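First comes the structure, then the notes that go with it.
What you see is a predicted model, and the numbers here were worked out from it, not measured in a lab.
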2 protein chains.
Amino acid sequence: MMPTARLKDVAAIAGVSIKTVSNVVHDRPCVRPATRDRVRAAIAELGYRPNASARRLVTGRTGMIALALPEINVPYFAELSRHLADLAAARGYRVLFEQTITGVDVERTVVSGVEAGLVDGVLYHPVALTTREVAELRQHLPFVLVGEGAAPLGMDHVMIDNVAAARDAVRHLLRLGRTRIAFLGHETRSPTNTTRRRLMGYQLALEENGIAPDSDLVLAIDSFGPDEGQRVISGAIEGGMDFDGLLCRDDILAFGAMSALHAHGVRIPDDVAVVGWDDIAVSAYTEPTLTTISPDKHEIATLALDMLIERIEGHHGPGRHRLASYRLRVRASAPDDH
Amino acid sequence: MMPTARLKDVAAIAGVSIKTVSNVVHDRPCVRPATRDRVRAAIAELGYRPNASARRLVTGRTGMIALALPEINVPYFAELSRHLADLAAARGYRVLFEQTITGVDVERTVVSGVEAGLVDGVLYHPVALTTREVAELRQHLPFVLVGEGAAPLGMDHVMIDNVAAARDAVRHLLRLGRTRIAFLGHETRSPTNTTRRRLMGYQLALEENGIAPDSDLVLAIDSFGPDEGQRVISGAIEGGMDFDGLLCRDDILAFGAMSALHAHGVRIPDDVAVVGWDDIAVSAYTEPTLTTISPDKHEIATLALDMLIERIEGHHGPGRHRLASYRLRVRASAPDDH
DNA sequence: ATGAAAGCGCTAACAG
DNA sequence: CTGTTAGCGCTTTCAT
């Protein structure tokens, strides 16, 4: 493996100064055609590629943004990442992927940023860190928060209105005549803001319809994942829980729940109408297809990236909080006409 | 936003030379405790963070690997990425994410690598590029290929034995007494190597059992995605296709197929037994649960990363081709006892 | 239109 | 144990 060619080597071969080679590399017009061709030939001959680190050191710009998410394998994050990656590429940025699931420590490390000059900005979906910690740790770096986790007022932030969306979902179930509506996904240990907000909307919708929320209908989970949804709903059915509607914290839990309902011969939606959350791709192909809260992932990605790039380009205003849109996507698990 | 502190600034405040500060930053033992404390205090006071680009420029090491995949939102890739990201983090590498879906050009650009010194190595899942192109474009950079796409002999490569796996899947269906077994997922335009291999295994299994492959049972698709699976299977059913078994190119197509089967009142597995491919997380929670070829994603990730890191650390041998293991995960859509 | 030279912030070899 | 110094490869004034 021959040592990588440098600007200097190209210059030597082409018989010009490095400045000229640099001009050619950057497609600057101020080079005579003949010279340009000679330089181009030398570049090809040596297989010259500009060195990224050197460039960055001098320009101070990396052209990279960090995407800090809990778990890339979770469909919602994977789908959001797809939008983010597409948009970032279109705007000329590369994406450095930081997975934060490993724990609070990792999350803290990512947020505080051990090295400077690694990326130009960070898109961060907080989970474990508190608002205060995020605010304190955040480095001197453009930062945009995504999701319902910690959101210090001073920082840019994008989310959907979780309370309103949960309320809409429950209202939909009420409209179908369901009155014993359960909520699946209350975290036992430390409830996330996400769950807290969704639960709040659930409660509001019930109360505004004169139904007293029944805490027995709020089902706790120990983990996310379909297996947990299945376990908890199986337990509820076997324990004789009486319910005719079910709002799940997310689609994945809903899949597990539906699997449990099927296994116990409970008909969906006849006996229990089910609503999920996230509208991940497969939700339109389950049996029955899943009614779900569909956050506009593309809009979330666009808003987040726009704000981040504005910050990177020097915007200095106070923290901006943007709400992305969502809709209730009605499918067979809780159809309109039932 | 005050200008980032440099080694030199810390040194000035602490009243030592930059070498000493560097020693402290690197936790080198050869610093007197008193000095160390003073330096630490200065670092904290200035909020000093070492500059990544400068470090890289001088060490020539980036501590990053590129992960070049077609589409991160596709569950199989998302799940594989999760393993890769976990392992990379454990080995001290960051992951730069490069999405190649946009087209052959993007794929070519990613493989050829515009800049040098951006990453230490590349994990690449080829789709559109040919073996020859990959071999020609590959830069002077450690490179490991994943999947069934182009795989020049000279380069490291990890995959599962797709022919054998497809054969196993079809054998399983034959064992269940199915004889009219269809294959869903032949690409009309330019079939990928992946599909070609799976189709080959399908054919082999039929022939070894004395069944003449019927080209009418090989169903073409124009795109991936559940909608396409649904469309094609609906068309086949409506066109009167006679089949009792179905091997799908991947789980996502299988979801669409199952949705179409349900819609037409075709019972799974009674009327048609279905087998998917990839064993993505939700496959265990569909109705019915999906029998599928389950590649050992963790093993794929481990083998790939191990080889890549060996190359990064200087290994120079010829291209190594490794087969990761797989198993047929039997679930309700094509159960053993049927 | 092209060249010479001064750093960007850090590491590491070499002195002391 | 600590300081001095020479680059890493590139961009960018400032001359010519």
Side-chain angles (χ1 to χ4, degrees), chain A residues 2-40 42-43 46-63 113-120 139-141, chain B residues 2-40 42-43 46-63 113-120 139-141:
Chain A
M2 71 180 164
T4 4
R6 293 147 308 158
L7 221 38
K8 167 159 72 161
D9 303 319
V10 178
I13 299 244
V16 297
S17 81
I18 62 170
K19 174 74 213 283
T20 304
V21 180
S22 175
N23 284 149
V24 173
V25 169
H26 287 266
D27 274 326
R28 277 191 262 267
C30 52
V31 181
R32 224 175 327 161
T35 317
R36 176 182 306 270
D37 290 345
R38 239 169 343 119
V39 173
R40 287 249 170 82
I43 288 178
L46 266 51
Y48 169 78
R49 306 237 174 280
N51 179 297
S53 305
R55 227 173 220 186
R56 283 162 184 193
L57 178 56
V58 61
T59 61
R61 195 176 167 286
T62 69
V114 201
E115 288 181 312
L118 182 64
V119 294
D120 294 334
Q139 47 213 342
H140 303 281
L141 238 188
Chain B
M2 69 179 162
T4 7
R6 293 147 307 160
L7 220 39
K8 165 159 76 163
D9 303 318
V10 178
I13 300 243
V16 297
S17 80
I18 62 169
K19 176 71 213 281
T20 303
V21 180
S22 175
N23 283 150
V24 173
V25 169
H26 288 266
D27 274 328
R28 275 192 262 269
C30 52
V31 181
R32 224 178 324 160
T35 317
R36 175 180 306 269
D37 290 345
R38 241 174 335 125
V39 173
R40 287 248 170 82
I43 288 178
L46 266 50
Y48 168 77
R49 307 236 173 281
N51 179 296
S53 304
R55 230 175 216 185
R56 284 163 184 191
L57 178 56
V58 58
T59 61
R61 195 178 166 285
T62 69
V114 198
E115 288 181 313
L118 182 64
V119 294
D120 295 333
Q139 47 215 340
H140 302 281
L141 238 188

Practice task
Flag the pair A:R36 / A:D27 as yes when at least one side-chain heavy-atom distance between them is below 4.5 Å, and no otherwise.
Solution key: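 A side-chain contact exists here, since the closest heavy-atom pair is under 4.5 Å.
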Least distance between heavy atoms, A:G117 atom then B:S53 atom: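 Heavy-atom minimum between the residues: O-OG, 3.4 Å.
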Would you kindly give the [atom1]-to-[atom2] distance between [X] and [N], to the nearest whole Å?
{"X": "B:L7", "N": "D:dT4", "atom1": "CG", "atom2": "P", "result": "14 Å"}
{"X": "B:I43", "N": "C:dG9", "atom1": "CD1", "atom2": "P", "result": "16 Å"}
{"X": "A:R49", "N": "D:dC10", "atom1": "CZ", "atom2": "P", "result": "13 Å"}
{"X": "A:N23", "N": "C:dA1", "atom1": "CG", "atom2": "C1'", "result": "9 Å"}
{"X": "B:H26", "N": "D:dT2", "atom1": "NE2", "atom2": "C1'", "result": "16 Å"}
{"X": "B:R61", "N": "C:dA12", "atom1": "CZ", "atom2": "P", "result": "12 Å"}
{"X": "A:D9", "N": "D:dC8", "atom1": "CG", "atom2": "P", "result": "11 Å"}
{"X": "A:R36", "N": "C:dT2", "atom1": "CZ", "atom2": "C1'", "result": "13 Å"}

What nucleotide, of [options], holds the atom closest to the side chain of [X]?
{"X": "B:R55", "options": "D:dT2, D:dG9, C:dT11", "answer": "C:dT11"}
{"X": "B:R32", "options": "D:dT11, D:dT2, C:dT2", "answer": "D:dT2"}
{"X": "B:I18", "options": "D:dT4, C:dT2, D:dT11", "answer": "D:dT4"}
{"X": "A:V58", "options": "D:dT11, C:dG3, C:dC10", "answer": "D:dT11"}
{"X": "A:T20", "options": "C:dT11, D:dT2, C:dG3", "answer": "C:dG3"}
{"X": "A:N51", "options": "D:dT2, D:dC10, C:dT2", "answer": "D:dC10"}
{"X": "B:R6", "options": "C:dC10, D:dT4, C:dT2", "answer": "C:dC10"}
{"X": "B:V16", "options": "D:dT11, D:dG3, D:dT2", "answer": "D:dG3"}
{"X": "A:V31", "options": "D:dT11, D:dT4, C:dT2", "answer": "C:dT2"}

- Query: Nearest nucleotide by nearest heavy atom, which residue falls closer to the 5' end of DNA chain D, B:A54 or A:T59?
  - Reply: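 The answer here is B:A54.
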- Query: Does B:L57 or B:K19 map to a spot on DNA chain C nearer the 5' end, using the closest nucleotide for each?
  - Reply: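 Counting from the 5' end, the first nearest nucleotide belongs to B:L57.
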Which value, rounded to the nearest 0.5 Å, describes the distance between [X] atom [atom1] and [Y] atom [atom2]?
{"X": "B:I18", "Y": "B:N23", "atom1": "CD1", "atom2": "CG", "value": "10.5 Å"}
{"X": "B:L118", "Y": "B:R56", "atom1": "CG", "atom2": "CZ", "value": "8.5 Å"}
{"X": "A:S22", "Y": "A:R55", "atom1": "OG", "atom2": "CZ", "value": "8.0 Å"}

>> Base, sugar-phosphate or nothing for A:S53? Non-hydrogen atoms, less than 4.0 Å.
In response: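 If one applies the 4.0 Å heavy-atom cut-off, A:S53 turns out to touch nothing in the nucleic acid.
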Original post:
Less than 4.0 Å between a side-chain N and a carboxylate O, is that true for B:R49 and B:D9?
Top reply: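 Between B:R49 and B:D9 there is no salt bridge, as every charged N stays at least 4.0 Å from the carboxylate O atoms.
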Is there a side-chain polar atom (N or O) of B:S22 under 4.0 Å from OP1 or OP2 of C:dC10?
->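 B:S22 to C:dC10 OP1/OP2: no side-chain N or O under 4.0 Å.
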